[in-house]
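Only one structure is covered here, and it is reproduced in the block below.
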Amino acid sequence: MAYRRPRGTRDYLPEECEERRAVLEGLREVFELYGYGEVVTPAFEHLELLVAKAGEEVKEQIYWFEDKAGRKLGLRFELTTPIARIVAERPTLPKPIRFYYIQPVWRYEEPQRGRLREFWQAGVELIGVKEVWGDAEVVALLVNALRRVGLSSFKVHVNDRRVAEGLLSWAGIPRHALGDALRAVDKLERRGAEYVRERLRELGAEPGKIEQLMDILTRSELAELAEMDLGSEAREGVKSLEQLMEELEEGYGLADYIKVDLSVVRGLDYYTSLVYEVKVSGAEGLGSVAGGGRYDDLIELVGGPPLPATGMAIGVERLVEALRAQGALSRGRGRRGVIVIPVNAQYRRDAIRVAEELRRRGVSAVVELTGRRLSTALEAADKRGFRYAVIVGGREVESGLLTVRDLEKWKEERAPLSSVASMAAQ
RNA sequence: GCCCCGGUGGUGUAGCCCGGUCCAACACGCCGGCCUGUGGAGCCGGAGAACCCGGGUUCAAAUCCCGGCCGGGGCCCCA
């Protein structure tokens with residue numbers, strides 16, 4: 001075999017495309033029901049922009065190159081930054097802005113289960129609403145989009161960075177180690193409590209407080225936090241988490257899908273307060289199916305006006321995988337379409353005319369072009385999953401009545417083209 | 001970048017541990033014949049792999065050893 005596809009990429013054949021398209025259309029439908037408008041951005045951006053918020057280390061994950069004029073460009077690895085750029089470039093767009101996108105992104109990583117080098121993200125950004133009800137709208141939209149495409153037994157694990165940082169500071173972690181400590185906490189679920197405990201100790205947590213911290217992280221009770229002295233930032237965070245839960249319950253009736261989880265942190269550095277990830281039970285190995293949060297500084301950072309923003313992104317391939325694991329994909333929708341088979345080469349043009357007429361009437365029709373004998377052609381048509389075979393030969397041409405074989409019932413009848421069309425249209 | 005596992009026709013596998021009987025087998029798929037207007041079948045036939053590449057051991061290697069490449073999974077990070 002001469003060539004194979006590049007590492008970490010995938011091909012989609014018609015059957016899989018159909019599966020994917022159904023999912024994508026469901027997501028799009030919900031995005032639009034909430035009044036979000038689609039945006040399409042270039043596959044590549046100036047490298048500087050991509051690196052701006054994420055830091056140099058993310059550069060390792062960017063496919064980047066110099067163009068012929070020596071400009072440094074990079075393939076986008078998420079959509080939030082390109083959208084921030086759009087907004088920064090057009091400061092007069094009426095606020096609030098509601099954008100959605102369904103596009104591929106690229107990351108240079110080692111591929112494995114649930115991790116590709118090219119994958120699609122479907123997400124939304126709500127720009128210009130600083131209050132927690134903006135976050136609530138986005139989270140509700142996320143939950144309803146996932147429900148719409150048939151996902152079940154999932155929860156949005158929400159947290160607030162300010163709370164996580166407040167807790168860690170309270171436990172004695174010095175400021176410069178906060179990043180590492182957050183990453184350690186993030187691994188609570190994957191690596192277990194013992195690992196986190198050990199890491200926190202190494203990073204300077206007071207031994208006396210570690211146990212209490214672990215306890216709080218595990219139970220994630222907001223009420224307890226409210227009574228602790230975590231500093232004003234964290235207090236704000238706790239308050240807004242409480243408000244978010246209330247908003248989602250009272251406004252959207254979605255409290256069952258949300259869970260406070262103080263161990264959720266997320267890597268991208270631009271999140272300023274709320275962060276969340278969607279976890280699907282039964283598909284844990286996939287990683288999170290979707291994630292998001294609030295990024296109030298990013299647009300200003302890329303040269304725009306200060307604008308609060310909140311958004312989320314769904315990993316399309318992971319979502320499809322999770323749906324597959326749940327048996328929720330509508331695969332193989334049964335027999336479809338018509339194949340028109342000329343009885344022999346002499347009737348090929350007649351068959352083509354019949355097919356064209358069917359197509360004019362909105363019926364998907366294929367002409368048997370191989371010249372294989374009728375019985376073989378019928379057998380092949382059956383295997384390929386056609387619903388009807390229309391046989392065209394001398395008898396049909398003379399009488400004007402087509403021979404139609406229902407490949408599902410394996411029954412045959414004579415009928416005029418118009419009724420073949422209406423049969424097949426159903 | 002690191003760690004683990006793997007690499008036999010288009011696909012999935014058998015064979016590898018216990019070298020020769022393997023010019024590599026089976027199933028599915030593909031093409032055709034039986035069948036010149038109709039057998040969702042069956043039977044028959046055909047195309048398609050020098051067993052990832054290179055080196056080594058041996059009288060002899062798909063089978064053992066080393067290196068490389070590629071793929072999958074894990075770490076990390078994330079969707």
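Every heavy atom of this structure was used, including side-chain atoms; hydrogens, water molecules and symmetry mates were not. Below, chains carry the letters A, B, ... as their sequence lines are ordered, and counting in each starts from 1.
Contact check on A:Arg353 versus A:Glu357 returns no salt bridge, with no Lys/Arg side-chain nitrogen under 4.0 Å from an Asp/Glu carboxylate oxygen. A salt bridge links A:Glu110 and A:Arg7; the closest N-O separation between the charged side-chain nitrogens and carboxylate oxygens is under 4.0 Å.
Side-chain atoms of A:Glu412 come within donor-acceptor range of the base of B:U38, with a qualifying N/O pair under 3.5 Å. Between the side chain of A:Glu396 and the base of B:G37, a donor-acceptor pair under 3.5 Å is found. Residue A:Arg373 places no side-chain atom within donor-acceptor reach of the base of B:U36, judged by atom type and a 3.5 Å distance cut-off alone. One cannot find a donor-acceptor pair under 3.5 Å joining the base of B:A79 and the side-chain atoms of A:Arg115.
Between A:Arg7 and the phosphate of B:G71, there is a side-chain N or O to OP1/OP2 separation shorter than 4.0 Å. A sub-4.0 Å separation between OP1 or OP2 of B:G74 and a side-chain N or O of A:Gln112 is present. Residue A:Arg372 places at least one side-chain N or O closer than 4.0 Å to OP1 or OP2 of B:C31. For A:Lys383 and B:C30, the shortest distance from a side-chain N or O to OP1 or OP2 is below 4.0 Å.
Taking the C1' atom of each, B:A61 and B:G15 are spaced 13 Å apart, rounded to whole Å. Comparing B:G7 with B:G46, their P atoms sit 30 Å apart, to the nearest whole Å. The same atom, P, is picked in B:C66 and in B:C5; the two are 12 Å apart, to the nearest Å. For B:U8 and B:U38, the C1' atoms lie 41 Å apart once the distance is rounded to whole Å. On the P atoms, B:C65 is 16 Å away from B:U58, given to the nearest whole Å. Of the C1' atoms belonging to B:C22 and B:C3, the separation is 36 Å, rounded to the nearest Å. Separating the C1' atom of B:C51 from that of B:A25 is a span of 12 Å, rounded to the nearest Å. Across the C1' atoms, B:A47 and B:G33 are found 15 Å apart, a figure rounded to whole Å.
Straight-line distance from the OH atom of A:Tyr388 to the P atom of B:U38: 22 Å, rounded to whole Å. If you measure from atom CZ of A:Arg76 to atom C1' of B:A79, you get 14 Å, rounded to the nearest angstrom. In this structure, CG of A:Leu13 is placed 13 Å from P of B:U11, rounded to the nearest angstrom. Following rounding to the nearest Å, A:Arg107 (CZ) and B:G1 (P) show an atom-to-atom distance of 20 Å. The separation between A:Leu146 atom CG and B:A79 atom C1' is 12 Å, rounded to whole Å. Remark: P of B:G37 and CG of A:Asp350 are 15 Å apart, rounded to the nearest angstrom. Protein atom CD of A:Glu109 is 9 Å distant from nucleotide atom C1' of B:C76, rounded to whole Å.
Side-chain contact between A:Thr9 and A:Leu116 is absent, with no heavy-atom pair separated by less than 4.5 Å.
Contacts of A:Thr376 with the nucleic acid, taken as non-hydrogen atoms under 4.0 Å apart, are absent. Counting any heavy atom pair closer than 4.0 Å across all strands shown, A:Ile314 reaches no nucleic acid atom.
Across all strands shown, B:G71 pairs with B:C5; the Watson-Crick or G-U wobble distances both stay below 3.5 Å. A 3.5 Å limit on both hydrogen-bonding distances identifies no Watson-Crick or G-U partner for B:U63. Across all strands shown, B:C43 forms a Watson-Crick or G-U wobble pair, both distances under 3.5 Å, with B:G33. Figure legend. B:A24 is base-paired to no nucleotide; pairs are counted as Watson-Crick or G-U wobble with both atom distances under 3.5 Å. Under the Watson-Crick and G-U wobble criteria, each requiring two contacts below 3.5 Å, nucleotide B:G19 is left unpaired. As the counterpart of B:C77, no nucleotide is assigned, since no Watson-Crick or G-U wobble pattern has both distances under 3.5 Å.
Candidate nucleotides B:G37, B:G73, B:C2 were compared by shortest atom distance to the side chain of A:Glu110, and B:C2 ranks first. Comparing B:C77, B:A79, B:U38 by their nearest atom to the side chain of A:Arg405 picks out B:U38. Which of B:G40, B:C77, B:U38 sits closest to the side chain of A:Leu374 comes down to B:U38. Here the side chain of A:Lys187 is nearest to one of B:C76, B:A79, B:G72, namely B:C76. Across B:G74, B:A79, B:U38, the shortest atom-to-atom separation from the side chain of A:Ile391 is found for B:U38.
A side-chain N or O of A:Arg162 and one of A:Ser240 form a donor-acceptor pair less than 3.5 Å apart. For A:Tyr276 and A:Asp135, the side-chain atoms include no donor-acceptor pair closer than 3.5 Å. In the model, A:Glu118 has no side-chain atom that pairs as donor or acceptor with a side-chain atom of A:Tyr63 under 3.5 Å.
Comparing A:Glu317 and A:Glu379, the nucleotide of RNA chain B nearest to each residue sits closer to the 5' end for A:Glu379. The residue among A:Val316 and A:Arg113 whose nearest nucleotide of RNA chain B is located toward the 5' end is A:Arg113.
Contact record, A:Leu329 with A:Val320: CD1-O, 3.9 Å, taken as the closest heavy-atom pair.
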Notebook entry, point to check: Can you list the steps and then say if A:Arg183 with A:Asp186 is a salt bridge (Lys or Arg N to Asp or Glu O under 4.0 Å)?
Noted result: CA-CA 5 Å; A:Arg183 271 185 284 279; A:Asp186 193 43; over 6 Å; no
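Both tests do not hold together for A:Arg76 against A:Trp106: distance to the six-membered ring centre under 6.0 Å, angle to the ring axis within 45°.
Screening A:Arg20, A:Glu321, A:Gln121 against A:Val316 for a side-chain contact (heavy atoms from CB on, under 4.5 Å) leaves a single residue, A:Arg20.
Atoms CZ and CD, from A:Arg161 and A:Glu233 in turn, are 13.0 Å apart once rounded to the nearest 0.5 Å.
RNA chain B lies under 4.0 Å from no heavy atom of any residue of residues 25-42 of chain A.
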